[in-house]
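Let me begin by presenting the structure, written as structure tokens, before commenting on it.
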Amino acid sequence: IVSPANANGVVGIKPSVGLVSRAGVIPISHTQDTVGVHARSVADAAAVLTALASGPADPRDPATSEATGAGTDYTRFLDPNGLKGARIGVARNLGFDASPAVDAVMWKAIQAMEAAGAVIVDPAAIPSDLDVASEAELEVLLFEFKADLNAYLATRQDVALDREGYQRTLAGLIAFNQEHAEQELPFFGQDIFLAAEARGPLTDPAYLRALETSRRLSGSEGIDQLVRDHRLDALVAPTSGPARPIDLINGDARSPGSSSVAARVGYPIVSIPIGFIGGMPMNLSFFGPRFSEPMLIRLAFALEQLTLARQPPRYLPSLPAW
């Protein structure tokens with residue numbers, strides 16, 4: 001949700017896992033998957049989130065039984081003075097120090113928040129080992145992708161796999177892609193599919209260890225500890241660097257981002273346009289504990305009104321140099 005929001009210069013709200021039902025959505029990971037919003041403004045995004053999260057718990061998605069915000073009107077938190085008195089931590093080890101241009105755009109936004117009355121806690125770096133958390137997260141994603149995708153495919157009817165005699169499983173997809181490689185794999189392989197298929201069930205001790213490590217380092221020893229120790233209302237970091245052209249030869253260039261820590265524990269993120277670098281949009285992310293959407297929307301709306309950074313898209317014959 002937030003990466004495409006950043007690349008397209010629009011608002012993205014990635015809700016807490018469980019706030020919005022995921023029934024019918026093709027899965028990647030049940031600990032991270034969530035249905036969210038893209039919109040031109042925070043006000044529009046809050047209105048859509050209100051509709052998405054309006055229903056009761058969905059028996060098709062057990063995570064919704066934990067939601068505390070169902071039925072909330074999120075447009076109530078659109079306060080132009082919402083930054084005043086808020087304590088905001090700058091997550092310096094998420095997306096900073098990779099690009100002077102990105103840091104400069106972020107610094108302007110941080111100054112604007114402080115001028116609007118926010119208390120800026122800088123630095124407020126995630127205290128846990130992010131490399132270990134990232135390694136554990138990859139294992140979790142591979143295990144859960146296999147299990148969740150197989151469960152999803154079992155519910156589908158009249159799919160191409162059935163019609164051509166393949167199993168309705170991840171293994172069936174791999175075989176289908178191999179047999180139709182010219183159409184399905186002209187630009188890339190299926191390394192992630194293969195790695196996921198090699199994993200065992202969700203009772204595997206390796207999965208359980210990775211899940212515990214990923215959640216602990218990002219949650220109780222990560223975001224939760226920062227919020228508690230510094231009495232924060234939210235954390236901020238660059239969503240990512242500016243969008244880059246697709247490279248079918250060498251693969252897409254990756255910009256350091258900030259979404260993984262919150263994603264590992266199913267915490268919400270609100271990403272808003274904050275500026276441009278070389279003509280390409282760049283977003284800032286607010287994130288915090290689970291079900292803290294009201295506070296994040298309040299802060300994001302207030303900053304949006306201060307900066308009015310979003311610009312309508314332009315259709316250019318070529319990309320500007322940056």
Minimum-distance pair of heavy atoms, taken over all atoms of I1 and V37: CG2-O, 3.8 Å
Rounded distance [0.5 Å steps], CG in D79 versus CD in Q305: 10.5 Å
Checking L303 against M113 for the side chain to side chain contact (heavy atoms under 4.5 Å, CB included) test, could you report, in this order, the C-alpha distance in whole Å, the side-chain angles of both residues, the deciding distance, and whether it holds? CA-CA 7 Å; L303 181 58; M113 288 189 283; 3.8 Å; yes
Does S29 reach the side chain of F145, with side-chain heavy atoms less than 4.5 Å apart? no
Please check if the side chain of N6 supplies one atom and the backbone of T239 the other of a donor-acceptor pair under 3.5 Å. no
Non-hydrogen atoms of L296 and A234 that approach each other most closely: CD2-CB, 3.7 Å
Side chains of L226 and H230: does their closest heavy-atom pair fall under 4.5 Å? yes
Heavy atoms from other residues, nucleotides or ligands near CD1 of I26 exceed 12 (cutoff 6.0 Å): no
What are the two closest heavy atoms between L299 and G82, and how far apart are they? CD2-O, 3.5 Å
Backbone N or O of L185 within a donor-acceptor pair of the Q190 side chain at under 3.5 Å? no
What distance separates L52 CG from L19 CG, expressed to the nearest 0.5 Å? 8.5 Å
Judged by atom type as modelled, is there a donor-acceptor pair below 3.5 Å linking the side chain of S258 to the main-chain atoms of P238? yes
With the 4.5 Å side-chain cut-off for hydrophobic clustering, are V270 and V35 part of the same group? yes
Is E144 salt-bridged to R199, going by a charged N under 4.0 Å from an acidic O? no
Nearest heavy-atom approach of A46 to I297 is CB-CG2, 4.3 Å
With distance as the sole test, does E164 use its side chain to make a donor-acceptor pair with the main-chain N or O of F176 at under 3.5 Å? no
For a quick test of reading the model, state the closest non-hydrogen atom pair linking P27 to D33 and the distance between them. CA-OD2, 3.3 Å
If two hydrophobic side chains count as joined below 4.5 Å and joins carry through other members, does V140 share a cluster with L194? no
Counting distance only, does the side-chain N/O of R168 pair as donor-acceptor with the main-chain N or O of R156 below 3.5 Å? yes
Just one of T213, L130, I126, V265 clears the side-chain contact (heavy atoms from CB on, under 4.5 Å) bar with S218, so which one? V265
Could you walk me through whether L306 and L83 pass side chain to side chain contact (heavy atoms under 4.5 Å, CB included), step by step? CA-CA 10 Å; L306 284 176; L83 286 162; 3.7 Å; yes
Is R231 atom CZ crowded by more than 12 heavy atoms from other residues, nucleotides or ligands, each under 6.0 Å away? no
If we ignore angles and hydrogens, is there a donor and acceptor under 3.5 Å between the side chains of Y166 and E179? no
Applying side chain to side chain contact (heavy atoms under 4.5 Å, CB included) to Q167 and L173, what does each step give before you reach the verdict? CA-CA 8 Å; Q167 296 178 13; L173 289 176; over 6 Å; no
Do N283 and S271 have a side chain donor and acceptor closer than 3.5 Å? yes
Just so I know, are the side chains of E139 and Y207 near enough to count as touching, which here means a heavy-atom distance under 4.5 Å? no
Can you get from I274 to V42 by hopping between Ile, Leu, Val, Met, Phe, Trp and Tyr side chains that sit under 4.5 Å apart? yes
Taking CD in E182 as the centre, count heavy atoms belonging to other residues, nucleotides or ligands within less than 6.0 Å. Is the count above 12? no
Going through the checks in order, is the salt bridge (charged side-chain N to carboxylate O under 4.0 Å, His left out) test met by E66 and R290? CA-CA 10 Å; E66 304 172 16; R290 197 173 184 199; 2.6 Å; yes
Any carboxylate oxygen within less than 4.0 angstrom of a Lys/Arg side-chain nitrogen, looking at R87 and D233? no
Exam field: side chain D103 to backbone D97, donor-acceptor pair closer than 3.5 Å: yes
Spell out, as yes or no, whether a donor-acceptor pair under 3.5 Å connects the side chain of T64 to the backbone of A57. no
Please examine the side chains of F96 and V90, heavy atoms only from C-beta on, and report whether any two atoms are closer than 4.5 Å. yes
Treating S21 as the side-chain partner and D61 as the backbone partner, does any N or O pair qualify as donor plus acceptor under 3.5 Å? no
Side chain to side chain, I272 and F301, heavy atoms closer than 4.5 Å: no
Might you point out which heavy atoms bring G222 and S128 nearest each other, and give the distance in Å? CA-OG, 4.1 Å
From K108 NZ over to L284 CG, what is the distance, rounded to the nearest 0.5 angstrom? 13.5 Å
When you group the ILVMFWY residues by side-chain heavy-atom contacts below 4.5 Å and let the links chain together, are I120 and V227 in the same group? no
Taking atom CD1 of I192 as the centre, does the number of heavy atoms from other residues, nucleotides or ligands within less than 6.0 Å exceed 12? no
For the atom pair CD (Q225) and CG (L232), what is the distance rounded to the nearest 0.5 Å? 11.5 Å
With rounding to the nearest 0.5 angstrom, report the CG to OG1 distance, N150 to T169. 5.5 Å
Just one of R215, R216, R264 clears the salt bridge (charged side-chain N to carboxylate O under 4.0 Å, His left out) bar with E137, so which one? R264
Looking at L211, is its backbone amide N or carbonyl O close enough to the side chain of S214 to form a donor-acceptor pair, meaning the two atoms are under 3.5 Å apart? no
For the residue pair H38 and P4, establish whether any side-chain heavy-atom pair is separated by less than 4.5 Å. yes
Begin with the C-alpha distance, continue with both residues' side-chain angles, and end with the deciding distance and a verdict on side chain to side chain contact (heavy atoms under 4.5 Å, CB included) for S16 and E293. CA-CA 8 Å; S16 303; E293 283 85 352; 2.8 Å; yes
Do S41 and E304 pair up side chain to side chain, a donor and an acceptor below 3.5 Å, judged on atom types alone? no
Any heavy-atom pair between the side chains of V132 and L217 that's under 4.5 Å? yes
Do F286 and V102 share a hydrophobic cluster (ILVMFWY, side-chain heavy atoms under 4.5 Å, transitive)? yes
Is N8 reaching over with its side chain to a backbone N or O of V10, donor-acceptor style, under 3.5 angstrom? no
Could you measure the distance from the CG atom of L208 to the CG atom of L202? Nearest 0.5 Å is fine. 8.0 Å
Between M282 and P273, is there a side-chain heavy-atom distance shorter than 4.5 Å? no
